[in-house]
Structure formats: structure tokens, C-alpha cells
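Note sheet for the following structure.
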Amino acid sequence: MNVNSLKHDDSDYPQILKNIPDAPKQLFWTGSPMSEWLDCPKVAIVGSRKASAYGRQVTTEITGQLARTGVIIISGLAYGIDSIAHQVALEAGGRTVAVLPTGLDKIYPAAHQNLARQITDSGGTLISEYAPGSEVFKLNFIARNRIVSGLSDALLITAAAINSGSLHTAQFALAQGKTVMAVPGNITSPGSVGCNNLIKSGAVPVTDVDDVFFTLNIKSTDKIRPKPFRGSGDEEKVLQLIRQGLSAQEDLAQAAGLTGPVVASALTMLEISGYIRPAGGGQWLAV
């Protein structure tokens with residue numbers, strides 16, 4: 001791995017980080033140069049390491065739509081919401097950036113080495129303020145979060161319990177003057193207490209990706225980049241019909257000229273791949 005470095009007074013050091021409190025004195029990076037994506041809209045997406053099904057679902061839906069638009073997804077490569085955000089951005093054909101609490105010679109967690117490699121192979125960047133070979137301390141994991149928020153234009157927390165580490169990221173974002181957004185959750189769910197409390201404290205509630213687009217000042221007409229398709233010919237035919245407005249399974253079978261079992265299989269694979277979602281009553285909608 002080729003690790004590059006930037007000092008705070010270097011001309012290529014990200015301007016967006018220079019003026020935050022306790023700005024990193026030096027950055028280490030690998031992958032694509034930061035200059036390739038710094039001028040793009042950037043959203044940090046973080047949340048609980050033990051994500052619920054609801055947290056995974058909303059993170060997948062919102063991240064995918066943002067990445068397909070060209071929004072850069074920034075997170076911390078941790079288990080749970082972080083890794084989901086990175087993976088979904090990659091699957092959507094987008095670009096994602098991971099900030100690590102360790103030197104770049106020691107990917108953490110080790111189970112995400114392949115994910116880290118996918119990030120750099122897909123035009124993204126791995127960033128750390130710690131030199132290769134540095135000792136790892138517990139405080140690194142909190143300090144890393146100020147860089148996650150510092151690189152972003154806005155922060156979105158999709159799932160967080162009352163003591164979630166992602167709430168540190170929210171505190172850093174507020175100190176940096178960044179907009180903090182949160183997805184509301186079930187009031188009886190412990191995994192949503194952190195997000196609900198953030199909203200009560202003034203965070204922007206996000207119930208749809210359009211709330212994020214509004215915060216980023218992105219117009220609906222800017223949403224022009226569809227998710228690149230990967231699947232069989234039958235699946236692509238069914239997906240195109242859904243995008244054209246057909247939603248009932250029987251209508252899809254008739255229009256596609258396919259048998260019911262073939263259409264059912266295609267719908268299952270399209271849902272698994274994140275191209276469609278069920279609308280109830282045998283109806284389907286494109287994501």
C-alpha cells in the first residue's frame with residue numbers, strides 16, 4: 001500500500017479541515033487524491049455498530065440514493081452503520097471515503113480489509129492522522145470522528161442508541177458549524193433513542209432522502225445518476241418496466257412476456273440487490 005502524507009501547511013491540505021477545532025497536523029492517505037472529490041457534495045453517515053434491521057434499511061435506502069447522485073459518502077469503516085454506508089455507496093457506483101483510527105498499514109477492524117481495498121479500487125480514499133506503525137489508543141476512535149465530520153458538508157446519523165459513539169461525531173459536527181441530521185425511530189426502540197434525542201435537541205429530522213438533498217442545496221433535477229445495473233436479462237427487463245410505472249407482479253409478467261415464477265425470482269433478486277422495494281399488495285417500486 002502506497003501511503004501519502006500532507007502537512008497542515010501544505011497547499012493540498014483540505015481547506016475544509018484547516019479551520020476546524022484541533023485540526024490534524026498531518027494527514028496520511030491512500031487511494032484517490034482528496035482533490036478529486038473535495039469539491040463534490042459530501043455527507044458523513046454514521047451510526048450504531050449493532051444496527052437493527054430498521055437502521056440497516058434506512059441507511060441502505062438513503063445512502064444508495066445519495067451515492068447514485070454523486071454525493072461523496074464519508075464514514076469510519078467501523079462495524080454496523082459505517083460499513084453499510086461504505087458498501088452501499090460502492091454498490092451504487094458511488095465514491096466513498098473512510099477515516100481510520102489507526103495507521104493505514106493496519107486496517108481496523110481487520111475484517112474490513114477487503115472493504116477498504118474496494119474503497120480505494122473504486123476511486124475512494126482511506127485517511128488517517130496517524131502515521132504507519134503508530135500505537136493505537138482508545139482515544140483515537142473518538143478523535144477520528146472529528147475528521148469524519150470535518151470533511152463533510154453535513155452529518156447524518158441513521159441509527160444510534162443513547163450512548164452510541166456516533167453521538168461524539170454529532171458533537172464535533174456542531175462545534176464545526178456543520179448541519180446535523182438524524183433519522184427518527186420507534187420511541188420504544190433502544191437503538192433509536194440517540195437519534196430521537198438529537199432531533200429533540202435541534203437536529204434536522206430526515207424521513208426521506210429529499211431532506212438531505214435540501215440540506216445540501218441539491219435540486220431534484222440534479223438527481224441524474226441511476227444505479228448501474230448488475231443482473232440477468234430478465235431482471236433488467238422487469239426493472240425497466242417498474243421504472244416506467246408498472247408495479248403489480250401480474251402486470252409485470254404480462255408486459256415482460258415472462259412466466260409468473262420467472263418474474264417472482266427476478267423480483268426477489270432485484271429486491272436483494274437494492275433496485276426495488278415492496279409497496280405492499282404485490283406492488284413494487286424502484287429505489
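The chain is numbered in sequence order, starting from 1. Quick caveat: nothing in here was measured; it's all calculated off a predicted structure.
At distances below 3.5 Å, not a single donor-acceptor pair connects side-chain atoms of Thr179 with backbone N or O atoms of Ala154. The closest donor-acceptor contact from the side chain of Ser134 to the backbone of Tyr130 lies at 3.5 Å or more, if one exists at all. In this structure a side-chain-to-backbone donor-acceptor pair under 3.5 Å is present from Arg95 to Gly123. Looking at Lys200, its side chain never comes within 3.5 Å of a backbone N or O of Asn196 through a donor-acceptor pair. For the pair Ser152 (side chain) and Ser149 (backbone), a donor-acceptor distance under 3.5 Å is present. Judged purely by atom type and a 3.5 angstrom limit, Asp211 uses its side chain to pair as donor or acceptor with the backbone of Asp208. At least one donor-acceptor pair under 3.5 Å links the side chain of Gln176 to the backbone N or O of Gly150. A distance-only check finds a donor-acceptor pair linking the side chain of Thr125 to the backbone of Ser32 [under 3.5 Å]. A distance-only check finds no donor-acceptor pair linking the side chain of Asp12 to the backbone of Ser35 [under 3.5 Å]. The main-chain N or O of Ile142 is never found under 3.5 Å from a side-chain atom of His168 such that the two would form a donor-acceptor pair.
By the 4.5 Å heavy-atom criterion applied to side chains, Thr268 and Glu235 are not counted as neighbours. Counting heavy atoms from C-beta outward, Pro278 and Gln283 have side chains that stay 4.5 Å or more apart. In this structure, Leu77 and His86 have side chains that are in contact, with non-hydrogen atoms separated by less than 4.5 Å. Residues Tyr13 and Pro24 meet the side-chain proximity criterion, which asks for heavy atoms closer than 4.5 Å. Side chains of Val43 and Thr215 form no contact here, defined as non-hydrogen atoms less than 4.5 Å apart. A heavy-atom distance below 4.5 Å is not found between the side chains of Glu61 and Val58. Side chains of Leu216 and Asp153 form a contact here, defined as non-hydrogen atoms less than 4.5 Å apart. Using a 4.5 Å heavy-atom threshold, the side chains of Val97 and Ile127 count as touching.
Expressed to the nearest 0.5 Å, how far OG of Ser122 lies from CD of Glu91 amounts to 10.5 Å. Taking CD1 of Ile72 as the reference point, atom CH2 of Trp37 lies at 7.5 Å (rounded to 0.5 Å). Distance check: Leu198 CG to Ser166 OG gives 7.5 Å after rounding to the nearest 0.5 Å. Note: Gln254 CD to Leu241 CG = 11.0 Å, rounded to the nearest 0.5 Å. Separating the CG atom in Leu27 from the CG atom in Asp10 is a distance of 9.5 Å, to the nearest 0.5 Å. The CD1 atom of Ile62 sits 10.5 Å away from the CG atom of Asp210 when rounded to the nearest 0.5 Å.
Val99 and Ile20 fall within a single hydrophobic cluster, where Ile, Leu, Val, Met, Phe, Trp and Tyr side chains are chained together by heavy-atom contacts under 4.5 Å. Hydrophobic clustering, with ILVMFWY side chains joined whenever heavy atoms are under 4.5 angstrom apart, groups Ile157 together with Ile74. Placement of Leu155 and Val212 in two distinct hydrophobic clusters is found when ILVMFWY residues are connected by side-chain heavy-atom separations under 4.5 Å, directly or transitively. Under the 4.5 Å side-chain heavy-atom criterion for Ile, Leu, Val, Met, Phe, Trp and Tyr, Phe213 and Ile73 are members of the same hydrophobic cluster. Residue Val262 is grouped with residue Leu239 when hydrophobic side chains (ILVMFWY) are merged at heavy-atom distances under 4.5 angstrom, including chains of intermediate members.
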* Asked: Can you check side chain to side chain contact (heavy atoms under 4.5 Å, CB included) on Gln26 and His8, steps first, answer last?
  -> CA-CA 6 Å; Gln26 189 168 9; His8 188 273; over 6 Å; no

* To do: Give the intermediate values and the outcome of side chain to side chain contact (heavy atoms under 4.5 Å, CB included) for residues Leu174 and Lys178.
  => CA-CA 6 Å; Leu174 290 171; Lys178 306 293 177 71; over 6 Å; no

* Please test Gln118 against Gln87 for side chain to side chain contact (heavy atoms under 4.5 Å, CB included), starting from the C-alpha separation and ending with a verdict. => CA-CA 9 Å; Gln118 291 179 52; Gln87 191 64 59; 3.5 Å; yes

* Carefully, step by step, assess Val3 and Trp29 under the rule side chain to side chain contact (heavy atoms under 4.5 Å, CB included). => CA-CA 6 Å; Val3 177; Trp29 62 273; over 6 Å; no

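Counting non-hydrogen atoms of neighbouring residues, nucleotides and ligands closer than 6.0 angstrom, the NZ atom of Lys50 reaches no more than 12 such neighbours. At most 12 heavy atoms of other shown residues, nucleotides or ligands fall within 6.0 angstrom of atom CG in Asp39. Crowding of Glu250 atom CD: a count of heavy atoms from other residues, nucleotides or ligands under 6.0 Å not exceeding 12.
Heavy-atom minimum distance, Pro184 versus Tyr54: O-OH, 2.6 Å. Pro132 and Phe28 get closest at one heavy-atom pair: CD-CD2, 4.1 Å. Heavy atoms only, all atoms of each residue included: Ala67 and Ala89 are closest at CB-CA, 3.8 Å. For the residue pair Gly133 and Asp105, the shortest heavy atom distance occurs at N-OD2, 3.0 Å. Here the closest heavy-atom approach between residue Trp284 and residue Leu267 is recorded as NE1-CD1, 3.4 Å. The two residues Gly55 and Ile81 have their closest heavy-atom pair at O-CD1, 3.8 Å.
Each of Thr60, Thr63, Thr59 was checked for a side-chain hydrogen bond (donor to acceptor under 3.5 Å, both in side chains) with Thr158, and the lone residue meeting it is Thr59.
Taking the six-membered ring where the residue is Trp, Phe141 and Tyr108 present perpendicular rings, their angle passing 60° and hence far from 30°.
Counted by atom type alone, Glu236 and Gln240 present zero donor-acceptor pairs between their side chains at under 3.5 Å. No donor-acceptor contact under 3.5 angstrom links the side chains of Ser232 and Asp234, judged on distance only.
Glu129 has a carboxylate O that lies under 4.0 Å from a charged side-chain N of Arg146, or vice versa, which qualifies the two as a salt bridge.
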